[in-house]
Number of protein chains: 2
Amino acid sequence: MATTTPTARQRQRDATRDRILEAAVEAFAEMGFRGASTREIARRAGTNQGLITYHFQSKDALWRAAADSIFERLGRQLTERLDALDLSDPRELAREGIRQYVRFAAAHPELFRIMVDEGRVADDRMKWLVDTHLRPRFEAIAPGLVEAAGVDEALLPHAFYALAGAASLMFAVAPECRRLTGLDPRSAQAVEAHADYVARLLAP
Amino acid sequence: MATTTPTARQRQRDATRDRILEAAVEAFAEMGFRGASTREIARRAGTNQGLITYHFQSKDALWRAAADSIFERLGRQLTERLDALDLSDPRELAREGIRQYVRFAAAHPELFRIMVDEGRVADDRMKWLVDTHLRPRFEAIAPGLVEAAGVDEALLPHAFYALAGAASLMFAVAPECRRLTGLDPRSAQAVEAHADYVARLLAP
DNA sequence: GTCTATAATTAGATAGAC
DNA sequence: GTCTATCTAATTATAGAC
C-alpha cells in the first residue's frame with residue numbers, strides 16, 4: 001500500500017489518544033478547566049503527562065478537543081432519534097425533542113457543566129465555545145421552539161436557557177440532588193420522569 | 001469600659017474582613033473553589049494574602065463564610081418581600097414567589113454557580129452545603145410548590161431542580177448569553193421578562 | 001509512540017517584622 | 001491588625017532517553 005499501513009501501532013496510538021480524550025472530558029466536567037490537571041487526566045487515562053503534549057499540543061487544545069467530542073455526541077443523539085419520529089403532531093414532536101434532550105443531559109452531564117464553567121467570563125474559551133458549538137446548536141433548536149412548542153420569538157433566549165437549565169441541572173449536580181432529596185437522578189425511572197416533566201413544562 | 005471599646009480600629013478591622021469576604025464571594029463564583037486563589041482574592045480586596053489567614057483560618061473556612069453570606073442574602077430577600085404580599089390567590093402568590101427568586105438569581109448569580117461547582121462531587125464541601133443551607137431552603141420552598149403551584153408531591157425534586165435551573169442559568173452564564181443571543185440578561189427588562197416567563201412556566 | 005526528568009510558575013500556609 | 005518573605009507542594013510545558 002502506497003499511502004499508510006493501518007498497523008497495530010496505529011491502532012494503539014489511536015486507542016491511547018481516545019483514552020486521554022475520554023479522561024479529559026470527565027475530568028474537565030468534574031473539576032473545571034483549572035481544577036483538572038493534566039497529570040490527573042493522564043493518570044485516569046492510565047498513561048503519563050508527556051503523552052498529552054504529544055497527542056494534543058497544550059492543555060487548551062485538549063480542552064477544545066474535549067468540547068468537540070461532547071458536542072459531536074449531542075448532535076448525533078438529537079438528529080438520529082428525531083428522524084425516526086412521526087411528524088403529524090408538531091406539539092408532540094416538540095415534546096419528544098425535549099425528552100430526548102433531557103435524556104442526553106442525564107447521560108452526559110458534561111455538556112451542562114462545561115457550559116456553566118465557561119460561560120461566566122468572556123475569555124477566549126467562552127468565545128470559541130459559543131461561535132463553534134453553541135450558536136449552531138441554538139439556531140438548530142430555535143425553529144422547533146417557535147413553531148412546534150409555540151414559543152413567542154421575542155422570548156426565544158428565555159425559553160432556550162430555561163429549557164437548558166430545567167433539563168440539565170438535576171443531573172449536573174446528581175450527588176447533591178441525591179443527598180438533598182433522596183432521589184438518585186441517574187436512575188432510569190428518574191430520567192424518564194424528568195424528561196416528561198420538562199417536556200410538559202415547555203410544550204404543554 | 002470593661003468589655004471592649006467599639007473603636008475606629010475595630011471598625012477598620014471589620015471593614016477589611018468584609019472586603020475580603022465580598023471579594024471571596026465574587027472570586028469563588030467566577031472561578032470555582034480551586035480556580036480562585038487566595039492571592040487573587042486578597043488582591044481584589046485591596047489587601048494581602050496574610051490577612052486572609054488572619055481573618056479566616058484557611059481557604060476552606062473562607063469558602064464556608066462566603067457560602068454563608070450568599071444564603072443569608074437569599075433568605076433575607078425571599079422572606080422580606082413575600083411578607084408584603086396579598087395571600088388571597090395562592091396561584092398568584094406562587095408566581096410572585098418564583099418571580100422573586102428569579103430576581104435574586106439575576107442579582108446574585110453566585111448562588112447558582114457555587115451550587116453547580118460544588119454539587120458534582122460528594123466531597124465535604126458538598127455535604128456541608130446541603131446540610132447547612134440547601135436542605136432548609138428546600139424544605140421552606142416545598143410546601144409552596146405543592147400547595148400554591150400545584151406540583152405533585154412525587155415530582156417535588158423534579159420541580160425544584162427545574163425551577164432552580166430555569167430561573168438561574170441565563171444569569172449564571174450572562175456573558176455567554178449575550179454573545180449567543182444578543183440579549184444582555186443583566187438588563188432590568190430582561191430580568192423581568194425572565195421572571196414572568198419562568199413564573200408562568202411553573203405555575204400556569 | 002511512550003515515558004521520565006526537570007524547568008519555570010504558582011498554589012496555600014506559615015513566621016515574623018512593624 | 002497589617003504586610004512581606006518564605007516554605008513546601010503542585011502546576012504546565014519542555015527536553016530527551018528508549
Side-chain angles (χ1 to χ4, degrees), chain A residues 4-28 30-67 117-118 121 123-125, chain B residues 3-28 30-67 117-118 121 123-125 128:
Chain A
T4 44
T5 47
T7 53
R9 189 184 178 87
Q10 183 79 6
R11 284 200 306 278
Q12 174 66 19
R13 173 206 165 101
D14 291 350
T16 302
R17 208 192 116 100
D18 286 352
R19 284 204 326 277
I20 293 173
L21 188 59
E22 186 53 34
V25 168
E26 289 174 16
F28 284 135
E30 208 171 281
M31 306 182 276
F33 179 79
R34 295 203 207 195
S37 73
T38 53
R39 271 186 178 77
E40 169 67 10
I41 292 170
R43 196 194 59 74
R44 290 188 190 203
T47 175
N48 59 80
Q49 193 211 1
L51 267 188
I52 290 187
T53 312
Y54 174 77
H55 284 287
F56 308 86
Q57 278 59 28
S58 65
K59 186 182 182 180
D60 212 78
L62 175 61
W63 178 85
R64 282 174 164 76
D117 280 344
E118 304 299 333
V121 182
D123 58 8
D124 285 347
R125 285 198 304 279
Chain B
T3 51
T4 46
T5 44
T7 54
R9 188 182 178 86
Q10 182 79 5
R11 284 199 307 277
Q12 174 66 18
R13 172 205 164 100
D14 291 350
T16 301
R17 208 192 114 101
D18 285 352
R19 283 203 329 276
I20 293 174
L21 188 58
E22 187 53 35
V25 167
E26 288 174 17
F28 283 135
E30 208 170 280
M31 305 181 277
F33 179 79
R34 295 203 208 195
S37 72
T38 53
R39 273 185 177 77
E40 169 67 11
I41 292 171
R43 196 194 58 74
R44 290 189 189 202
T47 175
N48 59 80
Q49 193 211 2
L51 265 189
I52 290 187
T53 312
Y54 174 77
H55 283 287
F56 308 86
Q57 278 58 30
S58 65
K59 186 182 183 181
D60 211 79
L62 175 61
W63 179 85
R64 281 175 165 76
D117 280 345
E118 304 299 333
V121 182
D123 59 9
D124 285 348
R125 285 197 304 279
W128 176 88

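The structure displayed is predicted, hence computed values, not measured ones. Lettering follows sequence order; numbering is per chain, from 1.
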Note, [X] side chain near [Y] side chain (heavy atom, < 4.5 Å):
X: R13(B); Y: Y54(B); result: yes
X: D60(A); Y: R125(A); result: yes
X: F56(B); Y: R64(B); result: no

Taking atom [atom2] of [N] as reference, at what distance in whole Å does atom [atom1] of [X] sit?
X: F56(A); N: dG1(C); atom1: CZ; atom2: C1'; answer: 14 Å
X: R13(A); N: dG1(C); atom1: CZ; atom2: P; answer: 5 Å
X: Y54(A); N: dT2(C); atom1: OH; atom2: C1'; answer: 9 Å
X: N48(B); N: dG1(D); atom1: CG; atom2: C1'; answer: 10 Å
X: I41(A); N: dA10(D); atom1: CD1; atom2: P; answer: 17 Å
X: I52(A); N: dC3(C); atom1: CD1; atom2: P; answer: 12 Å
X: I20(B); N: dT2(D); atom1: CD1; atom2: C1'; answer: 10 Å
X: R43(A); N: dC3(C); atom1: CZ; atom2: P; answer: 15 Å

Practice task
Check the angle between the aromatic planes of F33(B) and F28(B) and answer parallel, tilted or perpendicular using the 30° and 60° thresholds.
Solution key: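 Rings of F33(B) and F28(B): parallel, as their planes differ by under 30°.
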What N/O pairs connect the protein and nucleotides 12-18 of chain C at under 3.5 Å? Give each pair on its own line.
{"from": "dG12(C)", "atom 1": "OP1", "to": "T38(B)", "atom 2": "N", "distance (Å)": "3.3"}
{"from": "dG12(C)", "atom 1": "OP1", "to": "K59(B)", "atom 2": "NZ", "distance (Å)": "2.7"}
{"from": "dG12(C)", "atom 1": "OP2", "to": "T38(B)", "atom 2": "N", "distance (Å)": "2.9"}
{"from": "dG12(C)", "atom 1": "OP2", "to": "T38(B)", "atom 2": "OG1", "distance (Å)": "2.9"}
{"from": "dG12(C)", "atom 1": "N7", "to": "R39(B)", "atom 2": "NH1", "distance (Å)": "2.9"}
{"from": "dG12(C)", "atom 1": "N7", "to": "Q49(B)", "atom 2": "NE2", "distance (Å)": "3.3"}
{"from": "dG12(C)", "atom 1": "O6", "to": "R39(B)", "atom 2": "NH1", "distance (Å)": "3.4"}
{"from": "dG12(C)", "atom 1": "O6", "to": "R39(B)", "atom 2": "NH2", "distance (Å)": "3.0"}
{"from": "dA13(C)", "atom 1": "OP2", "to": "K59(B)", "atom 2": "N", "distance (Å)": "3.1"}
{"from": "dA13(C)", "atom 1": "N7", "to": "Q49(B)", "atom 2": "NE2", "distance (Å)": "2.9"}
{"from": "dA13(C)", "atom 1": "N6", "to": "Q49(B)", "atom 2": "OE1", "distance (Å)": "2.8"}

Handout entry: Electrostatic pair E22(B)-R19(B), nearest N-O below 4.0 angstrom
Key =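 A salt bridge is absent here (no side-chain N lies under 4.0 Å from a carboxylate O).
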Handout entry: Sidechain N-carboxylate O distance under 4.0 Å for R44(A), E30(A)
Key =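 So R44(A) pairs with E30(A) through a salt bridge.
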Exercise for the section: Between dC3(D), dG1(D), dT2(C), spot the one nearest the side chain of Q12(A), thanks. Expected result: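 The answer is dT2(C).
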